[in-house]
Trainee: 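So that we are looking at the same thing, I have put the structure below in structure tokens.
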Number of protein chains: 2
Amino acid sequence: MTTSPVTSGTHQAARAAGPPLTERQQERRRRILRTAAALACRGGFDAVQMREVAESSGVALGTLYRYFPSKIHLLVATMQDQLERLLEQLRRHPPAGDDPGTRVTEALMRAFHGLQREPQLAEAMVRALSFADRSVSAEVDQVCRLTTAIVLDAMGQDRPPSARQRAAVRVIEHTWQSALVTWLSGRSSIAEVRSDLETAARLLTLE
Amino acid sequence: MTTSPVTSGTHQAARAAGPPLTERQQERRRRILRTAAALACRGGFDAVQMREVAESSGVALGTLYRYFPSKIHLLVATMQDQLERLLEQLRRHPPAGDDPGTRVTEALMRAFHGLQREPQLAEAMVRALSFADRSVSAEVDQVCRLTTAIVLDAMGQDRPPSARQRAAVRVIEHTWQSALVTWLSGRSSIAEVRSDLETAARLLTLE
DNA sequence: GGGTAAAGTAGAACAGGTTTCAGTATCGAA
DNA sequence: TTCGATACTGAAACCTGTTCTACTTTACCC
């Protein structure tokens, strides 16, 4: 066990152990993530091959594994990266809508369309996310926190959410996650995804 | 491409192509599924190794692949097998409860405790299920139908469900599926799973 | 029973994720 | 500037899912 540059996103989010990355290291990390996303875009999960990621980002295989201890870690980090971007974007242009339910559905559907634009990338990230085992749970958790942030933002409520609302948010997130999986495996349509999100969002305005 | 003994469950459920299996073939199939489940029980997804499944069930590797074209197919079939058993059991002892929501939560929690008894097996099956790509969608769909059957049974309603109810059932299933994943990766507790199911089930009695 | 097509067997070969190792480059502190 | 620790490189090796091949057995039809 050596210390390693495995820290999470480039953002202000919770950072854990390890010395801060040097400039060159951050650069390497970004390059790797960019390559992974590019490979995923054309070919999905299977096209992200560790040897090729390493080569294309000009890094030795061992180094790649020092940054991301598995292919799953790599793809989950990629998802984190994308979600952070999305969250920023949503903050710049928050969804309009009369009630929280509508806004939440809107925000998630916008996220959905973002993913739809690069379906192969989405496939790669989501499969990694749901295949992840305990060794990745910290990173997956981070992704969940980002989703929660998106939903809470969309609710756009001053007060902290009530217990009921927090419960509703959990179910909305479950629905989002699972709907994504079924959509990617071709078992449900965009329309169904929207309808499912709307149904779950009804829990927000309940009582 | 040759025809193959890849048909679905041993049940009366929708069967598709291929000649019916001979006695010995059914026997082989059962043996394979039994072995897979046994290996999964002690060691989870990773412990189900195709060479070992083949050897332990006294079948050549090529034959194993003729029956189940991938490890994912094998584990999804295992899940199907288990769910069929569970459904029968639930039909023998249907959940009691005043309203549909309670009964549905109860049924799913009972399923949950069933899985909890063999957590490694659960891990193997659920990971396979959510990692499955399009090539397995028929089999995954069958699993979903079984889950739906469990929920509809638990609702115990004479009339066919309304559009609202069908929408609620979908969200409940999403919640179930995703809650399972988060529980298996240690990111949520049984109590949280129950609470999530209860929240989703509230959609049933809504309006 | 004899012939044949499909199913099964044993084992090698291939592919891609992961690990390992010996050597080289880089970085931070003295 | 130099030293020691850590990071990086290149390449081979390892493991397991999957495919392939040559051969044998089985099921079925005449």
Side-chain angles (χ1 to χ4, degrees), chain A residues 1-7 17-29 31-32 35-36 39-40 43-78 124 127-128 131-133 135-136, chain B residues 1-7 17-32 35-36 39-40 43-77 124 127-128 131-133 135-136:
Chain A
M1 299 281 171
T2 61
T3 58
S4 74
V6 179
T7 54
L21 302 188
T22 72
E23 194 50 51
R24 305 183 45 172
Q25 287 176 321
Q26 296 216 16
E27 171 53 25
R28 260 192 212 102
R29 188 174 197 281
R31 227 166 41 219
I32 293 174
T35 305
L39 286 176
F45 188 88
D46 293 334
V48 181
Q49 304 198 349
M50 298 303 268
R51 283 177 243 260
E52 196 168 346
V53 172
E55 188 171 352
S56 292
S57 43
V59 120
L61 191 55
T63 305
L64 172 53
Y65 272 94
R66 171 183 295 276
Y67 280 74
F68 302 97
S70 78
K71 174 169 173 172
I72 300 294
H73 282 84
L74 172 57
L75 286 172
V76 170
T78 304
R127 276 177 83 191
F131 190 62
D133 68 355
S135 73
V136 207
Chain B
M1 299 288 167
T2 60
T3 59
S4 74
V6 178
T7 54
L21 302 188
T22 73
E23 194 51 51
R24 304 184 45 172
Q25 287 177 321
Q26 294 215 17
E27 172 53 25
R28 262 193 210 101
R29 188 175 196 281
R30 270 193 300 269
R31 226 164 42 217
I32 293 174
T35 306
L39 286 176
F45 188 88
D46 293 334
V48 181
Q49 304 197 349
M50 298 303 268
R51 282 175 243 261
E52 196 168 346
V53 172
E55 188 171 353
S56 294
S57 42
V59 118
L61 191 54
T63 305
L64 171 54
Y65 272 95
R66 171 183 296 276
Y67 280 74
F68 302 97
S70 78
K71 174 168 172 173
I72 300 294
H73 282 83
L74 172 57
L75 286 172
V76 170
R127 275 177 84 192
F131 190 62
D133 67 356
S135 73
V136 207

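These numbers come from a predicted model, not from an experiment. Proteins come first, then strands; the chains are lettered A, B, ... in the order of their sequence lines, and each starts at number 1.
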Trainee: To the nearest Å, how far apart are A:I32 CD1 and D:dC8 C1'?
Mentor: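 My rounded result for the distance is 11 Å.
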
Trainee: Report the C-alpha distance between B:M50 and B:L74 in whole Å, list the side-chain angles of each, state the deciding distance to 0.1 Å, and finish with yes or no for side-chain contact (heavy atoms from CB on, under 4.5 Å).
Mentor: CA-CA 9 Å; B:M50 298 303 268; B:L74 172 57; 4.1 Å; yes

Trainee: Taking all heavy atoms of B:L39 and all of B:A47, pick out the closest pair and write down the distance.
Mentor: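 The pair with the smallest heavy-atom distance is O-CB, 3.7 Å.
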
Trainee: Round to the nearest Å and state the distance from A:Y67 atom OH to C:dG17 atom P.
Mentor: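 A:Y67 atom OH is separated from C:dG17 atom P by 21 Å.
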
Trainee: What is the distance, rounded to the nearest whole Å, between atom CG of A:L61 and atom C1' of C:dG16?
Mentor: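 Computing the A:L61:CG to C:dG16:C1' distance gives 11 Å.
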
Trainee: Is there a side-chain contact between A:Y65 and the phosphate of C:dT20, meaning an N or O under 4.0 Å from OP1 or OP2?
Mentor: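 No, outside the criterion.
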
Trainee: So, is B:Q25 near the phosphate of D:dT26, with a side-chain N or O under 4.0 Å from OP1 or OP2?
Mentor: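 B:Q25 to D:dT26 OP1/OP2: no side-chain N or O under 4.0 Å.
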
Trainee: Can you check the A:K71 NZ to D:dT16 P distance for me, whole Å?
Mentor: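 That distance rounds to 18 Å.
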
Trainee: If you compare every side-chain N and O of B:T63 against the phosphate oxygens of C:dT9 (OP1, OP2), does one of them come in below 4.0 Å?
Mentor: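 For C:dT9, OP1 or OP2 has a side-chain N or O of B:T63 closer than 4.0 Å.
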
Trainee: Could you go through A:Q25 and A:Y67, starting from their C-alpha distance and side-chain angles, then the distance that decides it, and tell me whether this counts as side-chain contact (heavy atoms from CB on, under 4.5 Å)?
Mentor: CA-CA 9 Å; A:Q25 287 176 321; A:Y67 280 74; 3.3 Å; yes

Trainee: Please say whether more than 12 non-hydrogen atoms of neighbouring residues, nucleotides or ligands are located less than 6.0 Å from CD in B:E27.
Mentor: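 Count over threshold, so yes.
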
Trainee: Check the distance between D:dC8's P and A:Q26's CD and give it to me in whole angstrom.
Mentor: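 For the pair A:Q26 CD and D:dC8 P, the rounded distance is 13 Å.
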
Trainee: Which ones in residues 50-59 of chain B lie close to DNA chain C, meaning a heavy atom under 4.0 Å from one of its atoms?
Mentor: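 Hits under 4.0 Å, by residue number: B:R51, B:G58, B:V59.
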
Trainee: A:F131 vs A:L75, test: side-chain contact (heavy atoms from CB on, under 4.5 Å). Steps then yes/no.
Mentor: CA-CA 11 Å; A:F131 190 62; A:L75 286 172; over 6 Å; no

Trainee: What pairs with A:R127 under salt bridge (Lys or Arg N to Asp or Glu O under 4.0 Å), at least two apart in sequence or on another chain?
Mentor: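 A:R127 satisfies salt bridge (Lys or Arg N to Asp or Glu O under 4.0 Å) with A:E123 once adjacent residues are dropped.
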
Trainee: Rounding to an integer number of Å, can you tell me how far B:R31 CZ sits from C:dG8 P?
Mentor: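 Roughly 11 Å, once rounded to whole Å.
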
Trainee: Using a cut-off of less than 4.0 Å, is there contact between a side-chain N or O of A:R24 and OP1 or OP2 of C:dC27?
Mentor: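 For C:dC27, OP1/OP2 do have a side-chain N/O of A:R24 under 4.0 Å.
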
Trainee: Does NZ or CZ of A:K71 fall inside the cone over A:Y65's six-membered ring, less than 6.0 Å from its centre and within 45° of the axis?
Mentor: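 Output no; distance or angle outside limits.
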
Trainee: Nearest nucleotide by nearest heavy atom, which residue falls closer to the 5' end of DNA chain D, B:V48 or B:T22?
Mentor: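 Comparing both residues, the 5'-ward one is B:V48.
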
Trainee: Taking CD from B:Q49 and C1' from D:dC14, how many angstroms apart are they, rounded to a whole number?
Mentor: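 From B:Q49 CD to D:dC14 C1': 13 Å.
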
Trainee: What is the distance, to the nearest angstrom, from the CD atom on A:E27 to the P atom on C:dC27?
Mentor: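 Taking CD of A:E27 and P of C:dC27, I get 14 Å after rounding.
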
